[in-house]
Q: 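Can you read through this structure? Questions will come right after.
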Amino acid sequence: MTRVLRKTAARSFLLLAGALFSACSTTGAPAGGAAEPKIESGSRSVTMPWREGDAWASTYRPLPSTAVFITNATVLTAAGERIPQGRILLRDGAIAAVGDATLEAPADATVLDASGKWVTPGVIDAHSHLGVYPSPGVEGLSNGNEMTDPNTAEVWAEHAVWPQDPQFPLALAGGVTTIQILPGSANLFGGRGVTVKNVPARSAYAMKFPGAPQALKMACGENPMRLYGGRNRAPSTRMGNVAGYRAAWLKADKYRRDWQEYAEKVGRGDGEAKKPERDLELDTLAGVLAGDILVQNHCYRADEMITMIDVAKEMGYRIAAFHHAVEAYKIADVLAKETICADVWADWWGFKMEAFDGIRENAALVHKAGGCAVIHSDDAEGIQRLNQEAAKAMAAGNEMGMNLREEDAIRWITINPAKSAGIAEKTGSLEKGKMADVVIWSGNPFSVYSRPEKVFIDGALVFDRDDPGKNPATDFSVGLAGAGVTR
Amino acid sequence: MRAVAILIACAFALAPARAETIAITGARIHTMGPRGTIENGTLVIRDGKIESVAAGGGVPAGARRIDATGKIVTPGLFNSRTSLGIVEVSAVEGTGDASVEDDRITAAFDVAYAINPRSTLIPVNRVDGLTRAIVAPQPGESLIAGEGAVIHLGTGDDLLVARRVAMFAVLGERGAGLSGGARGAAILRLREALQDAADYAANRRAFDAGERRPYALSRLDLEALVPVVRGERPIVIHVNRASDIESALGLARELGLRLILSGVDEGWMVAEKIAAAGVPVLMNPMNNLPSSFETIGATLENAARLRRAGVTVAFATGDSHNARNIRQAAGNAVAYGMPWEEALAAMTSVPARIWGIAESYGTLEPGKDADVVIWRGDPLEPTTFADAVFIRGEQMPM
């Protein structure tokens, strides 16, 4: 996991980072309260309460796979130039080799001749509500927004993800192998998001991307102020929004310092060290301050993004990405300098005041400034064709004179969202050693006519258009007239 | 869009209004008419109309020539469900005129009164080759939403091509919700409204004299429904679930209505019945989510399956700000089995016939309005841009 190291003096993290003891064990809450980090008698170590803990650890296991050697394809690695007669070896769940026509097939691998086809890394959607706003969109399943307080940093999307959402296999048929599922944008602090592998599973934890950081969903702009203002409570304005963030971060800072002081005392063997009270909301915020949890900040307007950058600097945390960022193009230089990704749509605009200045050249202009451009969906239909959305964004950039090629645009739906979600070292590009999350497309993925033919996740063939009977279908679809496997 | 206008270089000089004579030469021209596709074609525009379309045709004296060698020419595209012209920013209520909360103005509600020719959505969408659209009402307090219009996306003070082209209504879950919570009630309300309109039409004098039984609708609404019950004006009913489609077909048969179906996400499941009834459909080929219990059967193959069963299909995406993305929707329909020509027809010649404007739009034939688009490549590829867009003979600023 990529940890963002917080550049601050003094505090020693040695005592804290070791995680020698399982934290947050929740096998049956002790009488009278929430589970607490375990401290064994005689130990000198405390695991910070904002860590996920073993109780919520990923139980994901790659599906069974055999070695596969894909040949003769146009390969977009998302890490450089395309390989025209490219070859890739998938073995033991990883990319064992990537090369041109000189790469030889090992004897034990199944050879897949992909002549005329294109191969890319698995598509990654960095902004989705699959599972928490599933289909059907009925009240009993709508779990994306805990719309009961502007600060619900204590809730976790993974506690609400419905693995039987039929939208998952539909996204898989669109080539999507990894999904960052976030709470919605009703609140200033929406809660923790989770990154998942797009595999059939009985629980969200069996989908959880191993080693991925959790996210904190934040939202600026119209949504929180409209929702809570409409209920006659704060925030009802953008200034109320910002006061809300800042007040929360101050509390979180104190919480974090209290726990660190406690841990230091324990480490020194101070028997009188008094354990601070646990607070689930402050856990999440402190986790951001500690660099464990990545901030995914829904924010449309350029001036607001700058305000949020200032809040982050004042309070000592980083923003991993702005989401939607409809006006990112106006501050592309700032976003590049701050290394904040802009997770955007290809062309959505005009549905709210803060989206009025949306343009199709947005992603391309972010890219041009040297920034991290990501095409996201925030939509169960859009997630199925992120390749087409990236195509539109690429074409718009070329229309204004850039010279964008497929090598550039593929990054916007693979390695860049991986960066945005903190998993870029593990997946997002076709490089030796990375997870074998791979898509074979029927043609150039930026053509509307191209469709994923085979989708591999950790080397396992999870979707095969030529073998529809074997493709995943969720329990919900079973027995419903007209419902099918992926279409 | 302001920013787009700044950022995108203008490749073609602005043409003076519709008096210009233009000859587009060397193109593959998809006429969408009986002459089919013409290679190396010349299309001449004069006085806002198509004067001629011919293979290797000559350039008239005094005409401005546009060399479209290697390019593709099609009619301007038509999106059969939008709120273009009657919405600016969706979340800003005052800018939206698609629905009304008034139980005395339902069927009579006419979107045409609100169309704003200077809406920012118009130039944004037309540079992508969208030249015509249905502006449809949304239901307010009744399952009968009101009457829609056809607009063009050109310049000038009046975008209206035809008003009151059809009545719009919804059944299914939404209609039920507007009728007290059950589908059965919705059917009764709709039937009652139409029966009352028929009675009103036959007894107007008595009504005016106050000597007729009370009706369920206001006078304005009854007036608006008269052409519908007479079968003179179509009624568009929005339904998705297969059984709701069958309900709508049954009601239309019972009351002699000219039915157009909208939505039909499960249309493929009853495609033969739709075809047998001769009812055209307006649908979004990209709808494939089981987003409600009415759309469990939604599939990307819907458009292809409907066409194979002989159903008349026009595309309608329901998007206004990105009504232009109808091309992408069409491309997806083709990717999932619909023939390319039929997908293009679903955005040109087919809606022209459905909406009764085929005399002046929908194909590239002499005498029709010059809604013409020159594309750099396949118009169904979202990466293709239009080089030039003509609406009623006037070249649009890009």
Side-chain angles (χ1 to χ4, degrees), chain A residues 134-138 165-167 170 173 222 226 327 329-330 345-362 365 379-382 384-385 388-389 391-396 398-401 409 442 444 446-451 476-477 480-484 486-487, chain B residues 1-4 6-9 11 87-92 95 120-121 124 128 241-243 265-266 268-269 284 286-302 319-322 324-325 327-336 340 378 380-385 398:
Chain A
S135 276
V138 298
D165 180 359
Q167 294 168 165
L170 289 174
E222 289 181 39
R226 190 190 298 127
E327 293 189 358
Y329 65 94
K330 299 186 185 181
W345 293 292
D347 53 20
W348 288 20
W349 73 283
F351 47 98
K352 290 190 280 187
M353 279 312 300
E354 56 194 2
F356 199 41
D357 282 1
I359 61 173
R360 295 195 286 195
E361 295 81 0
N362 197 19
L365 287 165
D379 181 58
E381 288 191 355
Q384 300 179 57
R385 52 188 71 90
Q388 296 177 22
E389 298 304 299
K392 287 192 285 186
M394 173 178 69
N398 287 337
E399 190 66 4
M400 58 174 306
S442 59
N444 183 327
F446 301 105
S447 163
V448 73
Y449 304 118
S450 293
R451 308 190 295 183
F476 174 74
S477 310
L480 292 178
T486 48
R487 293 175 294 251
Chain B
M1 190 62 226
R2 306 190 290 280
V4 166
I6 291 166
L7 291 169
I8 293 186
V87 68
E88 211 60 39
V89 177
S90 317
V92 180
T95 73
T120 58
L121 283 71
V124 167
D128 253 23
R241 197 170 82 176
S243 63
D265 282 0
E266 291 195 341
W268 65 273
M269 292 165 71
N284 185 342
M286 293 201 292
N287 285 359
N288 73 332
L289 298 179
S291 51
S292 75
F293 279 90
E294 303 181 286
T295 62
I296 299 296
T299 167
L300 291 168
E301 292 180 12
N302 195 19
D319 197 337
S320 302
H321 292 84
N322 285 325
R324 56 189 170 178
N325 285 344
R327 301 194 284 130
Q328 182 183 8
N332 278 280
V334 174
Y336 284 86
W340 190 92
D378 180 350
L380 271 53
E381 284 282 20
T383 47
T384 297
F385 279 83
M398 303 292 269

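By convention in this document, chain letters (A, B, ...) are assigned in the order of the sequence lines, proteins followed by strands, and residues within each chain are numbered from 1.
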Q: Just verifying a value: how many Å separate A:Arg385 CZ and B:Leu300 CG, rounded to the nearest 0.5 Å?
A: 6.0 Å
Q: Taking the side chain from A:Glu381 and the backbone from B:Asn288, do they hold a donor-acceptor pair closer than 3.5 Å?
A: no
Q: Less than 4.0 Å between a side-chain N and a carboxylate O, is that true for A:Lys392 and B:Asp128?
A: no
Q: Among A:Lys352, A:Gln388, A:Glu389, which residue forms the greatest number of heavy-atom pairs with chain B at distances under 4.5 Å?
A: A:Gln388
Q: State, yes or no, whether a side-chain contact exists between A:Ser135 and B:Ser291 at a heavy-atom distance under 4.5 Å.
A: yes
Q: Under 4.5 Å heavy-atom distance to chain A, tell me which part of B:Val89 shows up: side chain, backbone, both or neither.
A: both
Q: Tell me which of these, A:Ser447, A:Pro134, A:Ala391, A:Ala393, has more heavy-atom pairs under 4.5 Å with chain B than the rest.
A: A:Ser447
Q: Are any side-chain N or O atoms of A:Asp347 and backbone N or O atoms of B:Asn322, one a donor and one an acceptor, separated by less than 3.5 Å?
A: no
Q: Which atoms form the tightest heavy-atom contact between A:Val448 and B:Pro382, and what is the distance?
A: CB-CD, 3.6 Å
Q: Is it the side chain or the backbone of B:Asp378 that comes within 4.5 Å of chain A heavy atoms, both, or neither?
A: side chain
Q: Heavy-atom pairs under 4.5 Å with chain B are the metric here; pick the option from A:Pro166, A:Ala380, A:Ser442 that has the most.
A: A:Ala380
Q: Can you list the residues that meet the ring-ring contact (aromatic ring centres under 6.0 Å, His included) rule with A:Tyr449, with sequence neighbours excluded?
A: none
Q: Would you mind telling me which of B:Thr384, B:Val87, B:Leu380 has the largest number of heavy-atom pairs within less than 4.5 Å of chain A?
A: B:Leu380
Q: So which part of A:Phe446 gets closer than 4.5 Å to some heavy atom of chain B, the side chain, the backbone, both or neither?
A: backbone
Q: Could you state the interatomic distance from CZ (A:Arg360) to CZ (B:Arg324), rounded to the nearest 0.5 Å?
A: 4.0 Å
Q: Please flag which part of B:Thr383 lies under 4.5 Å from any non-hydrogen atom of chain A: side chain, backbone, both or neither.
A: both
Q: How close do A:Arg226 and B:Ala91 get, heavy atom to heavy atom, and via which atoms?
A: NH2-CB, 4.0 Å
Q: For B:Met286, is it the side chain, the backbone, both or neither that has a heavy atom under 4.5 Å from a heavy atom of chain A?
A: both
Q: For the pair B:Asp319 and A:Trp348, evaluate side-chain contact (heavy atoms from CB on, under 4.5 Å) and give the outcome as yes or no after the intermediate values.
A: CA-CA 10 Å; B:Asp319 197 337; A:Trp348 288 20; over 6 Å; no
Q: Should B:Leu289 and A:Gln384 count as side-chain neighbours, where that means a heavy-atom distance under 4.5 Å?
A: yes
